[in-house]
Amino acid sequence: MPKATITPGHDAIISEIEIAAPPERVFRTLTDSDQLMRWFTDASCSVKFWQMDARLGGKYSYATEKSNFVVNGVSEFKCHGEILEFDPPRLLVYTWIANWHLDPDKKTIVRWELTPTASGTHVKVTHSGLAQDPEARKDYSGGWPGVVEKLQQFAETEGVTSSVAR
């Protein structure tokens, strides 16, 4: 399983993985609402909806059903933001405003970097702006590795069918 690295200033979580799929497919998996709905979820915290307007300045949002775990007193998770950088199939950066943060209006930043490799794509996700929220930082250090692993599984298997069907 991938690991998470916490930066020295405790501001960011970084998780990386190699995916045996081309960057175009991985990028589509990160930006297509239907595909996000299928992989960016978990049985213990299933997603109600995923909406992604994949373009510079576009907005996204998602929400989960009530789950069995709680972060900062929240068990029904909602997140939204705006796309700050959009350079397919290389870079996707968006604000991340989550109702389970200590300050639910605080913007943090999620940065997806996709680099082509001989066998597919190197994916690096960096979630920054977490220095003042130790509970969220702890949650993300366990969560982002699982997210990139689900991204890998989907892009290498189901993502093939989805990209062919388009």
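Note that the structure is predicted; figures quoted are calculated from it, not measured.
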[X] to [Y] - nearest heavy-atom pair and separation:
{"X": "Pro2", "Y": "Pro145", "answer": "O-CB, 3.1 Å"}
{"X": "Ser33", "Y": "Trp50", "answer": "CB-O, 3.5 Å"}
{"X": "Tyr62", "Y": "Thr64", "answer": "CE1-CG2, 4.2 Å"}
{"X": "Leu102", "Y": "Pro104", "answer": "O-CD, 3.4 Å"}
{"X": "Ala155", "Y": "Ala21", "answer": "O-CB, 3.8 Å"}

Has the side chain of [X] got a donor or acceptor atom that lies under 3.5 Å from a matching backbone atom of [Y]?
{"X": "Asp32", "Y": "Gln35", "value": "yes"}
{"X": "Thr121", "Y": "Val123", "value": "no"}
{"X": "Ser75", "Y": "Lys66", "value": "no"}
{"X": "Ser128", "Y": "Asp11", "value": "no"}
{"X": "Asn99", "Y": "Glu76", "value": "yes"}
{"X": "Ser15", "Y": "Lys3", "value": "yes"}

Rounded to the nearest 0.5 Å, what separates atom [atom1] in [X] from atom [atom2] in [Y]?
{"X": "Glu82", "Y": "Lys59", "atom1": "CD", "atom2": "NZ", "answer": "3.5 Å"}
{"X": "Glu16", "Y": "Thr115", "atom1": "CD", "atom2": "OG1", "answer": "9.0 Å"}
{"X": "Leu36", "Y": "Phe154", "atom1": "CG", "atom2": "CZ", "answer": "8.5 Å"}
{"X": "Tyr140", "Y": "Leu130", "atom1": "OH", "atom2": "CG", "answer": "6.5 Å"}
{"X": "Lys107", "Y": "His80", "atom1": "NZ", "atom2": "NE2", "answer": "8.0 Å"}
{"X": "Lys124", "Y": "Ile14", "atom1": "NZ", "atom2": "CD1", "answer": "5.0 Å"}

- Message: Using the ring centroid of each side chain, check whether Trp144 and Trp112 are separated by less than 6.0 Å.
- Response: yes

- Query: Less than 6.0 Å separating the ring centroids of Tyr60 and Tyr94?
  - Reply: yes

- Result of checking Thr41, Asp42, Thr29 against Lys150 for side-chain hydrogen bond (donor to acceptor under 3.5 Å, both in side chains): Asp42

- Task: Return the orientation label for the Trp96 and Trp100 ring planes: parallel under 30°, perpendicular over 60°, tilted otherwise.
- Result: perpendicular

Could you check if a side-chain atom of [X] sits within less than 4.5 angstrom of a side-chain atom of [Y], using non-hydrogen atoms only?
{"X": "Thr31", "Y": "Phe86", "value": "yes"}
{"X": "Ser44", "Y": "Asn68", "value": "no"}
{"X": "Phe40", "Y": "Leu30", "value": "no"}
{"X": "Leu92", "Y": "Ile83", "value": "yes"}

- Task: Go through the steps for Thr95 and Leu84 under the test side-chain contact (heavy atoms from CB on, under 4.5 Å), then give the verdict.
- Result: CA-CA 7 Å; Thr95 57; Leu84 303 175; 3.8 Å; yes

- Message: Does Val147 form a side-chain contact (heavy atoms from CB on, under 4.5 Å) with Val125? I'd like the steps, not just the answer.
- Response: CA-CA 10 Å; Val147 169; Val125 61; over 6 Å; no

Linking I/L/V/M/F/W/Y whenever their side-chain heavy atoms sit closer than 4.5 Å, directly or via other members, would [X] and [Y] fall into one cluster?
{"X": "Val93", "Y": "Val148", "answer": "no"}
{"X": "Met52", "Y": "Ile109", "answer": "no"}
{"X": "Val47", "Y": "Ile97", "answer": "no"}
{"X": "Phe69", "Y": "Ile13", "answer": "yes"}
{"X": "Leu56", "Y": "Leu114", "answer": "yes"}

[X] and [Y] ion-paired at < 4.0 Å:
{"X": "Glu85", "Y": "Arg111", "answer": "yes"}
{"X": "Arg38", "Y": "Glu158", "answer": "yes"}
{"X": "Asp53", "Y": "Arg55", "answer": "yes"}

- Query: With a cut-off of 6.0 Å (strictly less than), are more than 12 heavy atoms of other residues, nucleotides or ligands near CD of Gln132?
  - Reply: no

- Hey, is NZ on Lys48 packed in by over 12 heavy atoms from elsewhere, all under 6.0 Å? yes

- Would His101 and Thr108 count as having a side-chain donor-acceptor pair, cut-off 3.5 Å? no

- Query: When you look at Gln153 and Leu151, which way does the side-chain contact (heavy atoms from CB on, under 4.5 Å) test go after all the steps?
  - Reply: CA-CA 6 Å; Gln153 292 166 354; Leu151 171 67; over 6 Å; no

